[in-house]
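For reference, the structure discussed in these notes is given below.
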There are 2 protein chains.
Amino acid sequence: MEMTLKRRETMHRLCGKGLEIFHAKGYYNTSLDDILNELSLSKGAFYHHFKSKEDYFINIVQNLIVQKVYALLIEPLNTNENPLPVIIESLENALDPGKKNEMAYGFMLNDFLTEFNKRNEEISGQLKEILNVWEVNLVSLLKKGKLDGYIARHVDCEGVATYVIASYLGMRSLLMDSSNKQLRYQYIQQLKQYFNSIAAHNVAA
Amino acid sequence: MEMTLKRRETMHRLCGKGLEIFHAKGYYNTSLDDILNELSLSKGAFYHHFKSKEDYFINIVQNLIVQKVYALLIEPLNTNENPLPVIIESLENALDPGKKNEMAYGFMLNDFLTEFNKRNEEISGQLKEILNVWEVNLVSLLKKGKLDGYIARHVDCEGVATYVIASYLGMRSLLMDSSNKQLRYQYIQQLKQYFNSIAAHNVAA
DNA sequence: AAACCAACCGACTTACAAGTCGGTTTAAGG
DNA sequence: CCTTAAACCGACTTGTAAGTCGGTTGGTTT
């Protein structure tokens, strides 16, 4: 039992540092030794806990990336308010490297999706599944928003979700270097513009 | 002189097949032998024409990718018509794998940008430069469109360009598998919705 | 204290891919 | 025909990184 704790602690350290370095340098561009040296651990320790580099990264996805995406992008959608400002706020938050989001997790999804696409079916499948959950939650929030009179009746909720996700993922390619405040601001402004065009406008009110 | 022709032809074959395979499997996931076997050429032949794999890919970027992006995304912007439908048409075209666009070139930019980001400064710099040229042309077309009364006066042209580019690049992460007609349609529809919100509406007319 | 075992060590094996190099082919010019 | 050099060949070198394995350490149990 005490041993299990030691095991968990080492695995946790490995996953945390792994995500940090994989995110900074890319999965295929990072060797296990890069990570192990940082933690003063050996190959032997690593393979005692994980059966392969792939198994290791899957652990990272399941334990860290999934959690972060849920916390930043999915749980905030569980609301009864007007969906549009809620969605904007969640995206703004996810793209903002600071406080609750020190590692710029908003950037990870597109990076890893592209890196594993066509190179590792297993991992890219899991990442796509995360996107899928996000999309489902966006769509259902938007549909509720339509029923509640926040969103115009003619709007295609699936289409909106697709468009929001695409633009969010794409920002990564533009924000590569430096957390460019200007670009982030432009993005949020245009998103607001777009959302304004699908909002229900109660002319009567 | 005749020799130069032979040289050019071989280099051209190498670049064409290289782009095809790099695009399909990723640059770092493709070995030179993968390409050379396809063309029944040897290492010796390769290094007779290119000084390294990197030099080779830079050739591909300059000779093939730049040309394609210009043809599909930049040259169409050289117009005096209403910018908004022109931009939509160019994007629709670029995402459509068929006829003039057999290799789905629209997908390349985001893939390669992500792959080379933080792994190869030289190449990622050149790719970003392509994006930059695209952005400049988009902005200048949008500004002209504003002067010509097609676009509302309050619109931030730089912001629109950023948003358009982000959403276009992001579509790649969603369209990974199979050229999904449904997603492409949704994307174009929402883009139209968004553009409608920034168009000048001549209520008087 | 002896035995046991999870955690850890690090040199070694294996695999793969970039780049090298001495030699061979081919075709144009004399 | 003979020379010359560009184009091409392919075995070899080199470097890197994943994964292996026999051995060591340190805490726990009896």
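Letters go in sequence order (proteins before strands), and every chain restarts at 1. Keep in mind it's a predicted model, so treat the numbers as computed, not measured.
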Inset, instruction - State plainly whether the residues A/K143 and A/E158 are in salt-bridge range, i.e. N to O under 4.0 Å. - result: yes
Inset, instruction - With DNA chain D as reference, determine whether B/G44 or A/S52 sits nearer its 5' end, using the nearest nucleotide of each. - result: B/G44
Inset, instruction - With the side chain counted from C-beta on, respond yes when A/L169 and A/L131 share a heavy-atom pair under 4.5 Å apart, and no when they do not. - result: yes
Inset, instruction - Please determine if a side-chain N or O atom of B/H48 lies less than 4.0 Å away from the OP1 or OP2 oxygen of C/dC21. - result: no
Inset, instruction - May I ask you to verify whether the side chain of A/K43 and the base of D/dG19 hold a donor-acceptor pair under 3.5 Å? - result: yes
Legend entry - NZ or CZ of B/K53 within 45° of B/Y27 ring axis and under 6.0 Å: yes
Legend entry - Over all atoms of both residues, closest heavy-atom pair of A/K146 and A/C157: CE-SG, 3.8 Å
Inset, instruction - Strictly below 4.0 Å, heavy-atom distances to any atom of DNA chain D: list the hits from residues 24-41 of chain A, or just say none. - result: A/T30, A/S31, A/L32
Inset, instruction - Grab the CZ-P distance between A/F50 and C/dC8 for me, whole Å please. - result: 11 Å
Inset, instruction - For the residue pair A/S197 and B/N196, establish whether any side-chain heavy-atom pair is separated by less than 4.5 Å. - result: no
Inset, instruction - Write down the distance between CZ (B/R119) and P (D/dA17), rounded to a whole number of angstrom. - result: 10 Å
Inset, instruction - In whole angstrom, give the distance that lies between atom CZ of B/F46 and atom P of D/dC9. - result: 14 Å
Legend entry - Nucleotide C/dA11, atom C1' - distance to OH of A/Y47 in whole Å: 15 Å
Inset, instruction - Would you tell me if any nitrogen or oxygen in the side chain of B/T10 comes within less than 4.0 Å of OP1 or OP2 on D/dC8? - result: yes
Inset, instruction - In whole angstrom, give the distance that lies between atom CE of A/M11 and atom P of C/dA6. - result: 15 Å
Legend entry - A/N120 CG to D/dA18 C1', straight-line distance once rounded to whole Å: 14 Å
Inset, instruction - Establish, with yes or no, whether the OP1 or OP2 oxygen of C/dT26 is under 4.0 angstrom from a side-chain nitrogen or oxygen of B/K6. - result: no
Inset, instruction - Take the angle between the ring planes of B/F116 and B/F57 and call it parallel below 30°, perpendicular above 60°, tilted in between. - result: tilted
Inset, instruction - Could you state the atom-to-atom distance from NZ of A/K53 to P of D/dG19 in whole Å? - result: 8 Å
Legend entry - Gap between atoms NE2 and C1', on A/H49 and C/dC9 respectively (whole Å): 12 Å
Legend entry - SB check A/K17 A/E20 (cutoff 4.0 Å): yes
Inset, instruction - Report yes if a side-chain nitrogen or oxygen of B/R7 is closer than 4.0 Å to either non-bridging phosphate oxygen (OP1 or OP2) of D/dA7; otherwise report no. - result: yes
